[in-house]
Amino acid sequence: MKLIDGKEVSSAIKEEIKKEVSEIIDSGKRAPHLVAIIVGDDPASHTYVNNKEKASVSVGITSTVYKLPANITQEDLLETINFINNDDEIDGMIVQLPLPDHINKDIVINAIDPSKDVDGFHPMNVGKMVTGEDTFLPATPFGILKMLEYYKIETSGKHCVVVGRSNIVGTPVSILLSRKAYPGDCTVTVCHSRTQNIKDFCLQADILIAAIGKPNFITEDMVKKDAVVIDVGTNQVKSDKTKSGFALVGDVDFAEVSKKASYISPVPGGVGPMTITGLLLNTLKAYKMKG
Ligand code: GUN
């Protein structure tokens, strides 16, 4: 079994981004600038945004975080987005999800200028991804592609089973891996909470991507020998082994499945760091698109 080390892959890519950003600054131009908007006080969302901010700064990307109260009106949030859309010195913008219930996520995502949508969530960018046009790929699926590429994992003709159909991970990664490309050219099956006999599908997977949000959902008996297993789960579970009383676990029973897999990504230290790297790559792309 080989470990798919997201920290190693993300460090290598961040080094390349850092070099490119420092060349931009040395040439007298301003640094790329990413803005993150966070609404409310969900602790997990604040941790994610803090990590995005730290990673941006570590590669020389300017980072601004707008921390907005949970009771902000949708109108005021849209006004903030519009203000950022019109600021020529901001290249990329993300609105951290989930949003409070009184705010319509789709209206918010639609308000982001597609040329600044470094999450790749705007329907225009989703459409471009589906038709294979150059665009911002959603950060987590983008990070998964980069991991497969780094380890030179063969994907052509392989059966990839994706467990989960979210707009953020399951659906886009299934589209990307079926495209005529490397990584890609897979035969893809998407399973979800209503799939019957899910184990039978998982057992057919050469590449198994678990993004269903259920701790240790994928057990050893669901995995074919020598499969490549990518764990996208970020489940907070109670633990007496950590100071906080919580631990982060994936969707895969790592201890047992790792005995069978040819490659496996751990949680933490697998897909998580790659998600942020995907966002940084998109921010640099947004900057360069402006010419
Ligand atoms: N919430 C969970 N994942 C993401 C992500 O990739 N981007 C944003 N904006 N919110 C998220």
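Atoms within each ligand, like the ligands themselves, are counted from 1 in listed order.
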Undergrad: Any Lys/Arg nitrogen of Asp91 or Lys116 sitting under 4.0 Å from an Asp/Glu carboxylate oxygen of the other?
TA: no
Undergrad: Among all protein heavy atoms, pick out the one at the shortest distance from atom 1 (N) of ligand 1; state its residue, atom name and that distance to 0.1 Å.
TA: Leu97 O, 3.0 Å
Undergrad: For ligand 1, which atoms have a heavy atom of Val95 less than 4.0 angstrom away?
TA: 8 (C), 9 (N)
Undergrad: For atom 11 (C) of ligand 1, find the nearest protein heavy atom and state the residue, atom name and distance (0.1 Å precision).
TA: Gln96 NE2, 3.3 Å
Undergrad: Quick one: look at Lys52 and ligand 1, take heavy-atom pairs under 4.0 Å, and tell me if it's side chain, backbone, both or neither.
TA: side chain
Undergrad: Which bit of Thr140 gets closer than 4.0 Å to ligand 1, counting heavy atoms only: side chain, backbone, both or neither?
TA: neither
Undergrad: Side chains of Thr219 and Asp253: do they bring a donor and an acceptor to under 3.5 Å?
TA: no
Undergrad: Of the backbone atoms (N, CA, C, O) and the side-chain heavy atoms from C-beta on, which set of Phe121 has a member under 4.0 Å from an atom of ligand 1: side chain, backbone, both, or neither?
TA: side chain
Undergrad: What do you reckon, does Asp119 put a non-hydrogen atom under 4.0 Å from ligand 1?
TA: yes
Undergrad: Please determine if Lys128 and Asp134 form a salt bridge, counting it only when a charged side-chain N lies under 4.0 Å from a carboxylate O.
TA: no
Undergrad: Is any side-chain N of the basic residue among Lys19 and Glu16 closer than 4.0 Å to the acidic one's carboxylate O?
TA: no
Undergrad: Do ligand 1 and Ile168 have nitrogen or oxygen atoms that lie under 3.5 Å from each other?
TA: no
Undergrad: If you count the non-hydrogen atoms of other residues, nucleotides and ligands that lie under 6.0 Å from NZ in Lys18, is the total more than 12?
TA: no
Undergrad: Is the shortest distance from a Lys or Arg side-chain nitrogen in Arg30 or Asp88 to a carboxylate oxygen in the other one below 4.0 Å?
TA: no
